[in-house]
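Every chain is numbered from 1 and lettered A, B, ... according to where its sequence line falls, protein lines coming before strand lines. Only this structure's heavy atoms are used, side chains among them; waters, hydrogens and symmetry mates stay out. In this text, all values refer to a predicted model and were calculated from it rather than measured experimentally.
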There are 2 protein chains.
Amino acid sequence: MLEGKFESASLMKRLVEAIKDSVKLCNFNCSQTKGITLQAIDDSRVLLISLKLDPGCFEGFRCDKNLVLGLDLESLSKVLKQGNNEDYLTLIAEDAPDNLLVVFEDPKKDRISEFSLKLMDIDSDVLSIEDMDHDCSITLPSSDFAKVARDMRTLSESLQILVTKDSVKFMASGPIGTGSVIIKAHTDLKDGKESIKIDLNKSVNVTFGAKYLNDIVKASTLAETVTIKLTNKIPALFEFKLQGGYLRYYLAPKFDEDEE
Amino acid sequence: MLEGKFESASLMKRLVEAIKDSVKLCNFNCSQTKGITLQAIDDSRVLLISLKLDPGCFEGFRCDKNLVLGLDLESLSKVLKQGNNEDYLTLIAEDAPDNLLVVFEDPKKDRISEFSLKLMDIDSDVLSIEDMDHDCSITLPSSDFAKVARDMRTLSESLQILVTKDSVKFMASGPIGTGSVIIKAHTDLKDGKESIKIDLNKSVNVTFGAKYLNDIVKASTLAETVTIKLTNKIPALFEFKLQGGYLRYYLAPKFDEDEE
DNA sequence: TTTTTCAGGG
DNA sequence: CCCTGAAAAA
């Protein structure tokens, strides 16, 4: 028996919205100690998504037996949209489940919505991802990053990121012109979340597919800041910290031509 | 001579938008005492629409002679869209009219827009609808009802409604899973319009085509609340009260299989 | 199906 | 006040 109760539906709603454009089907792994984890790779195998929701993310969490819940994220999304952000949300599954039960409660209005989603068997390549050291780590407001990623996509399908000691430079160039955005490290004393922090071992120059960055950036509503870890020619890590968990994206860089 | 002047065009605009997806052609009946009434049935003869606009709905209303104005709602809609919501709107017709004159005035801007719509002869089966007693009556915020109707349609083309003493249960089941939404009667003291009221003589279990409910729900902008009257196997009534009139939908339930 | 408009949330 | 997501229109 799995029973995970969220204090509000908004977290789960946003998570699924942040993932479903990259991946259609995926397995939710449930265990008493680890809570709910998920790992999925997009069809082009360029973007890997890793989600962890510790039991502490839940108002109540119980999982008698490890479960793998194979879900169609499009269907899950349809169901989650039927709940309001402030509703209590509970996920329920039997020990050998055919279905996942999704229950919303709006205590004020005395409304209870209950949905049963069919589960599916999904092939899962669960990779173990080593926590590697990167050449640089950047932390910035996720909305800032989202804006750059979205804006630059109007110029090109590739976004180049150059990191030096105290600045990050985003560059794109395409038919209508070229652009660069330079963000300098700084500390915002009023609101630490507005600070931009750069830790650098080695300067970095990487290029990503703008399409993937735009998918990643859909998670911006989940956390005020995003931490980006980059190394030349190595998949980058984009991490959105949740309270008691995270949503991480691993994105392989573009590897072409002039970036020798 | 008919001359009906609305204080603002928005009512008429919304009404036509709420109807035109169900019915293409229909007769507007005008009389000095009754104002404007309309009755129309959709092509599948499952949904009947009944509109009443008392003379009191108008800022000024005069109708020397009873008229039947046969209109193409698509054309009427196109014309109405040319007026702003805050414009004065006047409908004018001669005693033996070939055309309906639609006049918008924006006094502030000194703009006058005038349109003449061709009238048509339309066969009308005007049914007399007796005000029957139903087994239950539900009043709830029209936006709540709209959300349930629209959301549940993502699950199935049929929506089942079960009413018991103090709750309404909406149920749908389809390929991706099943869902139910239970709304309990309650009184909102802060905002009475948010209350949910259930009057029940006999519990009810009816199923409707989700398509029709989605058409009905287009009227949600016309009234804050909707009153739904249901009886097993009998057409349901969905009423949106207007000030000095109403828009009512009569919808025949689906009648199949296991609902004996 | 794509684009535009409108309503709700941050 | 701005932005985002959902519904209507083309």
Self-check item: A:Glu17 vs A:Ser77, side-chain hydrogen bond (donor to acceptor under 3.5 Å, both in side chains): CA-CA, chis, key distance, verdict
Solution: CA-CA 7 Å; A:Glu17 288 310 299; A:Ser77 164; 2.9 Å; yes

Practice problem: Apply side chain to side chain contact (heavy atoms under 4.5 Å, CB included) to the pair A:Leu47 and A:Tyr250, showing each step before the final yes or no. | Solution: CA-CA 6 Å; A:Leu47 181 64; A:Tyr250 296 87; over 6 Å; no

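One atom, NZ of B:Lys218, and another, P of C:dT5, lie 19 Å apart when rounded to the nearest Å. The interatomic distance linking A:Gln82 (CD) with D:dA6 (C1') rounds to 14 Å, in whole Å. In this structure, the CG atom of B:Asp144 is 14 Å from the C1' atom of C:dG8, given to the nearest Å. In this entry the distance linking CG of A:Asn84 with C1' of C:dG8 reads 11 Å, nearest Å. A:Lys13 has its NZ atom 15 Å from the C1' atom of C:dG10, to the nearest Å. If you take CG of A:Asp151 and C1' of D:dC3, they are 13 Å apart, rounded to a whole angstrom.
Taking the ring centroids of B:Tyr212 and B:Tyr249, they lie at or beyond the 6.0 Å cut-off.
Residue B:Lys147 places no side-chain N or O under 4.0 Å from the OP1 or OP2 atom of D:dA6. Within the 4.0 Å cut-off from OP1 or OP2 of D:dA6, at least one side-chain nitrogen or oxygen of A:Lys81 is found. Taking side-chain N and O atoms only, B:Lys20 has a distance below 4.0 Å to OP1 or OP2 of D:dA9.
Across all strands shown, A:Glu17 has no heavy atoms under 4.0 Å from either base or sugar-phosphate atoms. Across all strands shown, B:Lys78 has no heavy atoms under 4.0 Å from either base or sugar-phosphate atoms.
For the pair B:Leu230 and B:Ile161, the minimum side-chain heavy-atom distance is below 4.5 Å.
The nucleotide whose nearest atom lies closest to any side-chain atom of A:Arg14 is, among D:dA7, C:dG10, D:dT4, C:dG10. For B:Arg150, counting side-chain heavy atoms from C-beta on, the closest listed nucleotide (C:dG9, D:dA7, D:dA6) is D:dA7.
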